[in-house]
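Input: a single structure, listed below in structure tokens.
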Amino acid sequence: MKKFIWLALFGLLLSLPFFGAEAATLAQRVSGRILLQVEEHGESWYVYPVTGKKVYLPDGDSAYGLMRTLGLGITNENLNKIPIGLDSRLLKVDTDKDGLDDTLEAGLGTSDVNADSDGDGYSDGSEVRDGYNPTGAGKFIFDSALVNRLRGRIVLQIEQHGEAWYIYPVDGKRYYLANGIAAYSLMRTLGLGITDVDLGKIPVDNSYSEIYLWKYHTGSGATPGTYAYVPTSPLPALPADTTAGPTMAKSLLLGLVNFHYYGDLGGNTGATFRADQAWAASTIDLGIINWSDDGMKASWREIKSDQPKGKWLKWRLAQVINTNEAAGSCAAPRIGADDPSLAYQQDEFSRFLSDYKNYGDGETCFLHAQNAGTITPRWHTQDCSPTLSLSVNSRIKTIIWNQYGWLLDVSSDCATDFMAWRTIKDIRDEGYGGVGFDNLGSPMADGYYLPLPGGSVKIAEIPDNVEANPAALDDWWYSAIESLLETVNNRVQAVYFYSANKPKIVYNGGAYCSWDGSVPKLQKIAGGNLGVWCEDALEYPGWGSLGTAERLRSLLTLSNNVYNEGGFVALETFYNRGNDNPTAAEIMFYLSAYYSYKNPADVLALKPDWSPYQPMKETLWFEVFNRDLGSPLATATENSNGVFSRDYYRSDGQRALVLVRPAGNGTDGGAYTLDANYCRVGADNRLSPVSGSVTVNVGDGIILLKKGLAGVSC
């Protein structure tokens, strides 16, 4: 899983020629340097001069937080004895055109709108380059002995507000670390490429590194001197008849799709609404609350007051801001009344732009039409495809989920900065346990977001040869989303770098979670605490092609690969297309299918009935959900008759066998031979005896407990 998309920018970096160097000598030679794994994906490490060990830096925000933790206090008098470092590659925004970045000027105390802050006739930039004081008279007197003692260290201004400076070992100059963005730029610019072999010679400082993300391999099954991901809770490899083992976490994690859940539950009383929120708060491990209407805000207030046991995420439309509800007809579509969230979103984006002045009025953050033409957007509210005219160089106007809106250019730095900014704001200011991004998982080439390839409208931000090629367009899209989510997730996790309760981020992979062409792209996106929400991924067999064995195979692949990257999958159930409540048979099918592919962090996501709404606790809660099967002993096995099987083990010795058959010829049963006497779990949680063999029909989900172990009897 790559951590930085900008590895391609490291063309000028040179790998270190430390052939045969001893670890101590190597660590001394790169003391205080930022090292970049040129043979991997640009993973960054800081060699802490105090210990001579390396510390892992997931991204700029992590680097900023960690370096401040490792910082050494310094007085202003001593700081002024260290020359100020300038590098044209670090110059991002220079409002007054004096050669100093606005961020650096804030650290120096100079003006970013007046090129000559002290009015002495010399620009601030020229004074800094020549060693003069840009805020007063005289020339700085530098102390080479002090510089040499502090090479590679981070110093903090104890007489100011703790401003951080990095003393670059190569030139002995100080570079300002204003924030995570500055640290990111510094790592990219001043980092030194290193081979995996040489990097492996420098020990890891476990006091500061997130060792659960990366671990040095020296044992069998791994190449010495390389780094690879190690899951925090690997699947146990236990013999078939083992009756003792480690204590396992709860086998079933429940999620809840709650973004269509309005306050009155379709006419139920306020008391029912509040009771339902209390149920959700006490039951759900991973919940989603929409943010755009008063009903959902009421839901969140109720859930928060009940002190939810799980993580509740704020569900976001990933690309759309300034939306309007759709109105009119298929023949004459028009923009309707303002969406309830319009004013909030406009204010939010304005606040973002005030923090990120380099984006000006935000116009560069959006997609634009290259020429006049027409666009055929997707309109979910009616079964039609209205055609809208576009003027030259207009923003793309599209309809997403019954809303008109502006489309962010998700390949831009602006989109990344905006999503990271508002995610951290949501978590900090509103108390959410993370964020969910909607409308990200769908391929571009199906016309969901953009005109179908070959249309008259071209998008300025997408290369012409890409836009007209469906396969290339999807590659471009998923690469942009991968970069976006990785960076946003890294920044969010960096803020909580030392917290045991880290936020989760989930993006909607849609039904594409089980499309062979999309699964490899989706699984590349996941990372630590970042997962895929598979919308409508599991439908009951017989409702079309969505309940096929191919779908389950894809989910197995997706879950395993996402888990290996430290992420998770939330599999959303979808019963009878939302027309009525789930049957007991459907519940058992969903449970068994989920158990057949799940990894420890995965979530079974429950969707409430759509029309009419029902209280979730009455619609979805079956006692069978209370059962803990423990942990899987291996991945699922697909048998020749279409039955998927998987064994589970619990710490008290209970053994379970899960069987599910998602597809086949009609309802012809597939016989499965049992190796012992079992008790079959019913949706009512009662146990009935089974022995010899069991028939598994299409749509069957069967959970069996081995009789005689852990007190199981029937």
Side-chain angles (χ1 to χ4, degrees), residues 2 5-9 317-323 326 333 359 362-380 384-401 403-419 437-488 507-513 515-525:
K2 64 178 179 296
I5 300 302
W6 42 259
L7 179 61
L9 300 176
L317 290 176
Q319 301 99 334
V320 186
I321 67 168
N322 301 354
T323 59
Y359 295 123
E363 181 68 19
T364 59
C365 301
F366 301 92
L367 295 177
H368 300 78
Q370 218 166 7
N371 53 276
T374 59
I375 182 173
T376 303
R378 189 161 182 161
W379 201 6
H380 288 270
C384 61
S385 297
T387 298
L388 301 177
S389 297
L390 291 175
S391 60
V392 175
N393 294 326
S394 67
R395 289 178 177 175
I396 292 298
K397 185 174 291 183
T398 186
I399 306 172
I400 297 179
W401 192 258
Q403 295 172 332
Y404 287 79
W406 306 121
L407 211 60
L408 282 171
D409 174 14
V410 295
S411 67
S412 69
D413 290 339
C414 176
T416 300
D417 288 339
F418 177 52
M419 291 187 191
F437 288 125
D438 200 6
N439 292 340
L440 278 184
S442 303
M444 273 287 202
D446 70 351
Y448 193 100
Y449 298 119
L450 294 179
L452 292 172
S456 58
V457 172
K458 295 186 180 300
I459 312 303
E461 288 75 13
I462 304 177
D464 291 345
N465 62 331
V466 170
E467 191 174 354
N469 183 329
L473 183 61
D474 276 350
D475 287 341
W476 174 88
W477 168 250
Y478 281 111
S479 177
I481 296 303
E482 182 181 359
S483 174
L484 173 79
L485 285 171
E486 280 185 346
T487 305
V488 170
Y507 67 99
N508 186 359
Y512 303 94
C513 287
W515 285 17
D516 288 340
S518 296
V519 164
K521 295 181 174 68
L522 292 175
Q523 66 195 28
K524 287 173 60 181
I525 296 173

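Atom CG of residue Asn469 and atom CG of residue Asp464 lie 12.5 Å apart, to the nearest 0.5 angstrom. The line from SG of Cys414 to CZ of Phe366 is 7.0 Å long, rounded to the nearest 0.5 Å. Distance check: Trp476 CH2 to Ile462 CD1 gives 3.5 Å after rounding to the nearest 0.5 Å. Here OG1 of Thr364 is found 9.5 Å from CG of Asp413. Values are rounded to the nearest 0.5 Å. Separation of atoms OH (Tyr478) and CG (Leu473) is listed at 10.5 Å; rounding is to 0.5 Å. Distance CD1/Ile459 to CD/Glu467: 5.0 Å, rounded to 0.5 Å.
Inter-residue side-chain proximity for Val410 and Trp477 is flagged as met; some heavy-atom pair is nearer than 4.5 Å. In this structure, Leu522 and Cys513 have side chains that are in contact, with non-hydrogen atoms separated by less than 4.5 Å. Taking 4.5 Å as the limit, some side-chain heavy atom of Val488 sits within range of a side-chain heavy atom of Phe437.
Asp417 pairs by the salt bridge (Lys or Arg N to Asp or Glu O under 4.0 Å) definition with Arg491, not counting sequence neighbours. Residues meeting the salt bridge (Lys or Arg N to Asp or Glu O under 4.0 Å) test with Asp475, sequence neighbours left out: Lys521. Here Ser411 pairs with Asp409 under the side-chain hydrogen bond (donor to acceptor under 3.5 Å, both in side chains) rule; sequence neighbours left out.
Glu461 places a side-chain N or O within donor-acceptor distance of the main-chain N or O of His368, the cut-off being under 3.5 Å.
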